[in-house]
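Report on one structure; see the data block that follows.
Counting from 1, the numbers follow the sequence of the chain as shown. Ligands are counted one by one from 1 in listed order, and the atoms in each one are counted from 1 as well. Treat the numbers as computed from the prediction; the structure is a model and nothing was measured.
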Amino acid sequence: MMQPAPALVSLQGISKIFSSGVTALAGFDLDIRAGEFISLLGPSGCGKSTVLRLIAGLAEPTEGRVTWPGSHNNDHRGEIGFVFQDPTLMPWANVADNVWLPLRLRGVSRRDAQDRIAESLALVGLSDFAKAYPRELSGGMRMRVSIARALSLKPRLLLMDEPFAALDEIARFRLNDDLLRLQSELRCTIVFVTHSVYESAYLSSRIAILSPRPGRVVAEIEGLSPGPRAKDFRTSASYTQLCGRISEFLLGQTAGERL
Ligand code: ADP
Ligand code: MG
């Protein structure tokens, strides 16, 4: 057996209790490994978004620790790109200016950001739309802008919170393929939140299955092949089988075991 890659981010003994009294996470342990595509798969309300917010440093755990074992740096915000379910673009700004935003917040002028903006737009296939406004774009294209914006800081870690849930299936399939290609080019680590068995099976090199709230990892499905998929993967028997296996885990029939 190959040694697993070292953890990029480690979540240990995490619990999160909101001031409302809601316990979102309890006994949550997970290592994010450098370079992987890990999906967090679990029912609505189980704490998936909360996990991403804890990793991003946007929230603090009530108990437990979020650490970056290989890093002496204490501030990781510049290393993280966050993509939300809603593209949250500024409607009054064109595509290029929307992508500029994270750099702008770090004091980078529009002119100095120009190359980085162009590069990010090229990565998501939107080079020709720099001057377009969000209202002129389809839902899939808006999500691409949102991804380009997250990439503008060249993050080592991309956190994606159900980014394609609102898209039609055709757009979603295309963005799934584009995302895998993007990751193999950029070699970044991706933590992807979804409640779709099919999407997690298509994208992931590893899947962490979460229990209903309070969320914790009840199963991990490892050793899935990483990277872009062959053309016929979606219709292959191995994909169908994998989806079946994941569904069983999700239904709790074999919760707690490891594959
Ligand atoms: P998921 O993303 O898996 O749907 P969330 O992480 O958004 O779940 O939420 C987990 C639970 O915590 C839910 O019951 C939600 O209502 C609650 N919750 C999330 N954020 C807050 C908050 N800021 N204050 C109070 N409760 C919250
Ligand atoms: Mg959520």
Side-chain angles (χ1 to χ4, degrees), residues 9-32 36-67 76-77 80-89 139-140 142-147 149-150 155 157-169 171-172 175-176 179 189-204 206-221 243 246-253 255-256:
V9 187
S10 181
L11 296 101
Q12 298 295 329
I14 301 280
S15 73
K16 177 66 179 176
I17 306 170
F18 288 106
S19 52
S20 61
V22 170
T23 303
L25 301 169
F28 188 96
D29 296 304
L30 184 68
D31 279 353
I32 310 297
E36 75 177 337
F37 192 123
I38 181 168
S39 288
L40 308 184
L41 177 66
S44 185
C46 76
K48 303 183 293 299
S49 297
T50 302
V51 172
L52 291 192
R53 292 174 54 78
L54 291 171
I55 294 172
L58 298 170
E60 292 291 323
T62 308
E63 283 178 282
R65 275 159 35 98
V66 179
T67 55
H76 299 281
R77 282 172 298 182
I80 296 172
F82 210 131
V83 178
F84 301 92
Q85 175 170 351
D86 185 88
T88 60
L89 303 177
R142 280 186 212 140
M143 187 44 75
R144 286 174 198 275
V145 177
S146 174
I147 293 170
R149 185 179 53 192
L157 177 62
L158 196 55
L159 304 176
M160 306 185 82
D161 196 352
E162 306 200 36
F164 309 142
L167 301 179
D168 66 72
E169 210 151 70
R172 187 160 69 238
L175 276 154
N176 284 167
L179 182 60
T189 305
I190 297 182
V191 183
F192 190 94
V193 160
T194 180
H195 56 237
S196 164
V197 168
Y198 304 98
E199 191 166 54
S200 71
Y202 195 78
L203 293 172
S204 314
R206 186 158 68 108
I207 300 171
I209 294 177
L210 273 53
S211 66
R213 188 171 67 80
R216 65 190 173 84
V217 177
V218 288
E220 290 179 33
I221 300 176
C243 292
I246 298 166
S247 300
E248 277 180 27
F249 270 80
L250 203 56
L251 292 169
Q253 290 164 356

(request) Collect the protein residues that have a non-hydrogen atom under 4.0 Å from ligand 1 and hand them over in chain and number order. (result) Phe18, Ser20, Val22, Ala24, Pro43, Ser44, Gly45, Cys46, Gly47, Lys48, Ser49, Thr50, Arg213
(request) Would you give the length of the straight line joining atom OG of Ser44 to atom CD of Glu162, rounded to the nearest 0.5 angstrom? (result) 7.0 Å
(message) Whether the Ser39 and Ser200 side chains hold a donor-acceptor pair (N or O, under 3.5 Å, no angle test) is what I'd like checked.
(response) no
(request) Please confirm whether the backbone N or O of Leu25 pairs with a side-chain atom of Ser15, one donor and one acceptor, at under 3.5 Å? (result) no
(request) Indicate if the distance from the Mg ion (ligand 2) to the nearest N, O or S atom of Gln85 falls below 2.8 Å. (result) no
(message) According to ring-ring contact (aromatic ring centres under 6.0 Å, His included), who are the partners of Phe82, at least two apart in sequence or on a separate chain?
(response) Phe84
(message) Restricting to side-chain contact (heavy atoms from CB on, under 4.5 Å), what partner residues turn up for Asp168, sequence neighbours left out?
(response) Ile170, Ala171
(request) Applying salt bridge (charged side-chain N to carboxylate O under 4.0 Å, His left out), name anything that partners Arg144, two or more places apart in sequence or on another chain. (result) Asp178
